[in-house]
Amino acid sequence: MTHPFKLPPLDERLSAAASLVRNGAVIADIGTDHGYIPISLLQEGKIRAAAASDIRSGPLNRAIANAEKYGMTEKIRFFLTDGLQNIPLSDLGVTDIIICGMGGELISEILSACPYVQNENIRLILQPMSAVEALRGYLADNGFSITEERLAHSNHKLYQCIAAQYDGTTHAYTPAQLLLGKRIIERGTADPLFAPLLEKYIGKTQREYAGKLRGGANAEQTQMLLHELLQIAKEKGFDRDEHTKIL
Ligand SMILES: C[S@@+](CC[C@H](N)C(=O)[O-])C[C@H]1O[C@@H](n2cnc3c(N)ncnc32)[C@H](O)[C@@H]1O
């Protein structure tokens with residue numbers, strides 16, 4: 001039966017994350033809050049079923065209420081829990097795990113507490129609000145390979161979405177690759193959000209570098225990062241002033 005209510009389109013951030021989910025997946029959306037990702041993907045028919053969890057009952061109840069409103073309660077199992085703990089991922093046949101809207105360090109902690117994610121068939125879809133370099137560093141050091149990366153622009157902010165899969169080998173990234181993503185750098189200005197992202201980090205690193213010099217702190221690593229970022233800008237050949245307007 002078709003349900004009368006259709007969820008309005010996801011914003012660019014959630015939509016970029018949802019686009020990384022595989023067709024026919026069974027997802028676990030960790031820290032679901034409003035539950036928009038599972039509801040939207042179910043309504044679209046892109047996924048077969050979903051688990052949705054949150055550590056707090058307020059957000060989880062919001063997701064449950066939205067699932068009722070949009071007629072998706074039968075296809076979503078809800079869990080009040082910390083991270084991936086106590087979710088029967090294997091029994092539910094979860095293939096794609098989504099963790100969006102949390103800090104990169106918290107996302108790393110959630111992953112490291114769950115051995116189930118060390119499986120080549122599981123896709124992780126991660127959207128850190130901060131410490132993106134720490135998250136990429138965690139993935140690189142712990143046997144996860146980054147398979148896709150997307151940029152999104154929403155509410156005057158830029159977001160990075162990362163898809164990763166366990167392959168058991170460690171990966172090495174340069175400081176700029178940790179910050180911007182190797183795949184995002186490779187795609188370069190083909191993505192209109194690349195230049196504003198690079199510009200944002202150049203500005204931030206310049207301020208950090210100047211602050212360290214003023215305070216007499218060791219600025220060597222910041223200088224190396226700045227040099228690498230400026231080198232990327234030069235190689236990609238864009239006019240830096242032109243691309244600062246979006247943010
Ligand atoms: C900013 S909201 C993001 C909601 C949604 N994922 C999004 O991206 O729009 C973060 C959510 O994660 C939940 N959360 C924080 N720490 C968590 C944890 N350790 N395990 C599960 N959920 C957590 C919070 O309660 C909150 O609902």
Side-chain angles (χ1 to χ4, degrees), residues 6-22 25-44 46-47 49-70 72-73 75-89 92 94-117 122-132 134-136 138-139 142 148-164 181 193 197:
K6 172 120 178 62
L7 186 75
L10 298 176
D11 70 11
E12 252 199 57
R13 177 180 67 86
L14 291 179
S15 156
S19 73
L20 293 171
V21 172
R22 294 174 290 187
V26 175
I27 66 162
D29 183 30
I30 308 305
T32 195
D33 193 355
H34 35 67
Y36 290 159
I37 290 188
I39 294 169
S40 162
L41 289 172
L42 282 166
Q43 286 197 332
E44 227 180 277
K46 188 174 182 183
I47 59 169
S53 82
D54 208 286
I55 199 168
R56 293 187 297 134
S57 55
L60 192 70
N61 288 336
R62 200 164 27 245
I64 294 170
N66 280 331
E68 276 164 11
K69 178 173 172 185
Y70 294 107
M72 287 299 152
T73 31
K75 296 251 167 139
I76 308 178
R77 292 274 309 274
F78 294 94
F79 298 88
L80 181 63
T81 188
D82 182 356
L84 288 148
Q85 285 172 35
N86 305 318
I87 305 178
L89 297 160
L92 295 172
V94 168
T95 61
D96 293 26
I97 293 172
I98 303 168
I99 314 179
C100 291
M102 294 184 209
E105 273 140 4
L106 178 55
I107 295 176
S108 309
E109 278 166 29
I110 289 174
L111 295 176
S112 66
C114 178
Y116 185 81
V117 299
I122 302 296
R123 175 176 284 200
L124 304 175
I125 294 144
L126 313 169
Q127 183 272 304
M129 299 302 248
S130 60
V132 61
L135 177 59
R136 283 202 182 89
Y138 170 82
L139 294 171
N142 289 278
E148 275 188 67
E149 288 170 314
R150 302 252 159 100
L151 290 174
H153 180 227
S154 200
N155 292 325
H156 306 288
K157 283 196 185 133
L158 285 170
Y159 298 98
Q160 300 190 38
C161 298
I162 297 168
L193 297 177
L197 181 80

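Atoms within each ligand, like the ligands themselves, are counted from 1 in listed order.
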Pairwise side-chain contact, Ile76 with Thr32, heavy-atom cut-off 4.5 Å (strictly under)
no

Return the residue, atom name and 0.1 Å-rounded distance of the protein heavy atom closest to atom 19 (N) of ligand 1.
Asp82 OD1, 2.8 Å

Within the structure, does Gly83 bring an N/O atom to less than 3.5 angstrom of an N/O atom in ligand 1?
yes

d(Lys6 NZ, Glu44 CD) to nearest 0.5 Å is 7.0 Å

So Leu139 and Ile162, do their side chains get closer than 4.5 Å, heavy atoms only?
yes

Evaluate Cys100 for polar contact with ligand 1, using N/O atom pairs at a separation under 3.5 Å.
yes

Gap between atom OH of Tyr36 and atom CZ of Arg62 - 0.5 Å precision:
8.5 Å

Sub-3.5 Å N/O-N/O distance, Ile55 and ligand 1:
yes

Under a 4.5 Å cut-off applied to non-hydrogen side-chain atoms, are Tyr116 and Pro88 in contact?
no

Under 3.5 Å between any N/O of Thr32 and any N/O of ligand 1: does that happen in this structure?
no

N or O contact, Gly31 vs ligand 1, cut-off under 3.5 Å:
yes

Please give me the minimum heavy-atom distance between Ile30 and Met102, naming the atom from each residue.
O-CE, 3.6 Å

Under 4.0 Å, heavy-atom basis, I'd like to know which part of Ile99 is in contact with ligand 1: side chain, backbone, both or neither.
neither

Straight-line distance of Tyr138 OH to Leu111 CG, nearest 0.5 Å
5.5 Å

Between Asp29 and the options Ile98, Leu41, Ile99, the side-chain contact (heavy atoms from CB on, under 4.5 Å) test singles out Ile98

What part of His34, side chain from CB on, backbone N/CA/C/O, both or neither, has a heavy atom under 4.0 Å from ligand 1?
side chain

With a 4.0 Å cut-off on heavy atoms, is Thr81 in contact with ligand 1?
yes

Is the closest heavy-atom distance from Arg13 to ligand 1 below 4.0 Å?
yes

Is Asp54 close to ligand 1, meaning an N/O of one under 3.5 Å from an N/O of the other?
yes

